[in-house]
Visitor: 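One structure is given below, represented as structure tokens, and several questions about it will come after.
Please read these numbers as outputs of a predicted model, since none were measured by experiment.
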Amino acid sequence: TQTINVLKGPQSITFSAIATKTYGDAAFSVSATGGSGTFPVTFTSSDPTIATCTGLNGSTITILKAGTVTITASQAADLDFAEATPVERTLVINKANQTLTLDPLPVNGMTLAEFGIPVQLSGTATSGLPIVFSLGNTTTAFINDNSQLENVDRQGTIVIVLTQEGDNNYNPATVSYSFDVTKSNQTIFFDPLNDVVYTDGLTLTLGATSTSALAVSYNVISGPATVTNSTLTVTGPGQVVISASQEGNNIYNPAGNVV
């Protein structure tokens, strides 16, 4: 007599490479073809904290974070066919990009006089991570610890830089926003003066005011009088014409002569 050993038939798995993914991508399915055995090809993840294999035979892969993980395709033995040699494929999950957006500011076209109080800055990142604000140009202004813009004291362009340094799942991001700041206009109010009777040493106090609260300057255009600061000294009878003006500063434009 002779004895013949009939071995289980071999089976193999064909499992294509997995395309690179990005954190935030939707769950996706993988597939593979196996041998002639009765058991299906199943999939497992080497690190379920990075990506999980669930669903039918583990064929649905869900991304949990950026990183690299091995997905293994296996097929068990049955009565007629031996276990297939597992096939491993590397799944690379890249960090996602993020977009930073500065929330609308009530400053576009604002004048310097309107910066009397700090301007609150706020923004959002598509990552949900916190944003850091800074200034992108040389200026006396600064951003305080509460992300408020302060000390805007000159006209020009303010550049606000938003930065998010990223984390394990998101790449760093930076974006700049700019807006122009202009000087404020001012208005002088100079009430008409009442007629007076000339006397020796006659002086009058002039009371023009400006909406800027800056000191007003006076000039005698014509007539028998001189002016020092806000004191008008009348030197004789006649008509005196006086103008009031304000030269402006780093915040306010000059105000024209008011007669």
Side-chain angles (χ1 to χ4, degrees), residues 11-35 37-78 81-105 119-137 142-149 159-179:
Q11 51 183 349
S12 61
I13 296 171
T14 302
F15 184 18
S16 299
I18 303 174
T20 298
K21 300 293 182 179
T22 300
Y23 176 74
D25 285 351
F28 62 98
S29 296
V30 292
S31 61
T33 57
T38 56
F39 292 114
V41 175
T42 58
F43 302 92
T44 55
S45 168
S46 63
D47 189 344
T49 68
I50 297 177
T52 59
C53 294
T54 58
L56 182 63
N57 302 319
S59 61
T60 298
I61 298 180
T62 301
I63 295 169
L64 300 181
K65 63 183 180 181
T68 301
V69 64
T70 299
I71 304 299
T72 301
S74 305
Q75 187 177 26
D78 62 9
F81 293 92
E83 177 185 0
T85 300
V87 177
E88 297 180 346
R89 293 291 180 253
T90 299
L91 170 59
V92 176
I93 305 167
N94 291 328
K95 290 184 179 182
N97 293 325
Q98 54 178 323
T99 300
L100 310 182
T101 304
L102 180 66
D103 292 343
L105 292 175
V119 175
Q120 184 65 54
L121 304 178
S122 61
T124 56
T126 52
S127 64
L129 298 172
I131 293 173
V132 175
F133 300 94
S134 60
L135 293 175
N137 57 344
F142 65 92
I143 296 174
N144 64 26
D145 293 339
N146 295 320
S147 298
Q148 295 172 322
L149 179 63
V159 179
I160 298 176
V161 180
L162 284 67
T163 303
Q164 212 304 307
E165 63 183 7
D167 64 2
N168 292 333
N169 294 318
Y170 288 94
N171 291 313
T174 300
V175 65
S176 297
Y177 290 84
S178 62
F179 61 90

Visitor: Only counting residues at least two apart or in another chain, list the ones meeting side-chain contact (heavy atoms from CB on, under 4.5 Å) with Thr52.
Guide: Pro48, Thr54, Thr62, Leu64
Visitor: Do Ser147 and Gln120 have side chains that get closer than 4.5 Å, going by heavy atoms?
Guide: yes
Visitor: What is the minimum heavy-atom distance between Ala27 and Thr60, and which atoms define it?
Guide: CB-CG2, 4.2 Å
Visitor: Kindly list each side-chain donor-acceptor pair under 3.5 angstrom involving residues 70-78, sequence neighbours excluded, with atom names and distances?
Guide:
from	atom 1	to	atom 2	distance (Å)
Gln75	OE1	Gly35	N	2.7
Gln75	NE2	Gln11	OE1	3.4
Gln75	NE2	Phe39	O	2.7
Asp78	OD1	Asp80	N	2.9
Asp78	OD1	Phe81	N	2.7
Asp78	OD2	Thr38	N	2.7
Asp78	OD2	Thr38	OG1	3.1

Visitor: What pairs of residues pass the ring-ring contact (aromatic ring centres under 6.0 Å, His included) test when at least one of them lies in residues 49-77, not counting sequence neighbours?
Guide: none
Visitor: Cut-off 3.5 Å, side chains only: do Thr49 and Asp47 have a donor facing an acceptor?
Guide: yes
Visitor: Let me confirm one number: the OH-CG distance from Tyr170 to Leu129, rounded to the nearest 0.5 Å.
Guide: 7.0 Å
Visitor: I'd like to check the side-chain contact (heavy atoms from CB on, under 4.5 Å) partners of Thr90; sequence neighbours left out, ordered by chain and number.
Guide: Thr68, Val92
Visitor: How far apart are the closest heavy atoms of Gly58 and Cys53, and which atoms are they?
Guide: O-CB, 3.2 Å
Visitor: Out of curiosity, Leu56 CG to Ser31 OG, how far, rounded to the nearest 0.5 Å?
Guide: 11.5 Å
Visitor: Is the shortest heavy-atom distance from the side chain of Thr101 to the side chain of Thr99 under 4.5 Å?
Guide: yes
Visitor: What are the two closest non-hydrogen atoms of Leu91 and Ala51, and how far apart are they?
Guide: CD2-CB, 4.2 Å
Visitor: Starting from the C-alpha separation in whole Å, work towards a yes-or-no answer on side-chain contact (heavy atoms from CB on, under 4.5 Å) for Tyr177 and Leu162.
Guide: CA-CA 8 Å; Tyr177 290 84; Leu162 284 67; 3.9 Å; yes
Visitor: What is the minimum heavy-atom distance between Ala173 and Leu100, and which atoms define it?
Guide: O-CD1, 3.4 Å
Visitor: Could you state the interatomic distance from CG (Leu149) to CD1 (Ile160), rounded to the nearest 0.5 Å?
Guide: 5.5 Å
Visitor: Measure the CD1-CG distance between Ile143 and Leu135 for me, rounded to the nearest 0.5 Å.
Guide: 4.0 Å
Visitor: Rounded to the nearest 0.5 Å, what separation is found between the CG atom of Leu121 and the CG atom of Asp103?
Guide: 9.5 Å
Visitor: Could you check whether any side-chain N or O of Asn57 sits under 3.5 Å from a backbone N or O of Ser59, counting only pairs where one atom can act as donor and the other as acceptor?
Guide: no
Visitor: List the residues meeting side-chain contact (heavy atoms from CB on, under 4.5 Å) with Thr14, not counting sequence neighbours, and say none if there are none.
Guide: Thr33
Visitor: Nearest heavy-atom pair of Asn168 and Ala66: which atoms, and what distance?
Guide: O-CB, 3.5 Å
Visitor: Tell me every residue that passes ring-ring contact (aromatic ring centres under 6.0 Å, His included) with Phe15, counting only those two or more places apart in sequence or in another chain.
Guide: Phe43
Visitor: Side-chain contact test, heavy atoms from C-beta onward, threshold under 4.5 Å: evaluate it for Val30 versus Ile61 and give yes or no.
Guide: yes
Visitor: About how many Å separate CG of Leu102 and OG of Ser178, when rounded to the nearest 0.5 Å?
Guide: 10.5 Å
Visitor: Honestly, is Lys65 close enough over Tyr23, meaning NZ or CZ under 6.0 Å from the six-membered ring centre and within 45° of the axis?
Guide: no
Visitor: Side-chain contact test, heavy atoms from C-beta onward, threshold under 4.5 Å: evaluate it for Ile131 versus Thr163 and give yes or no.
Guide: no
Visitor: Check step by step if side-chain contact (heavy atoms from CB on, under 4.5 Å) holds for Gln98 and Thr126.
Guide: CA-CA 5 Å; Gln98 54 178 323; Thr126 52; 3.6 Å; yes
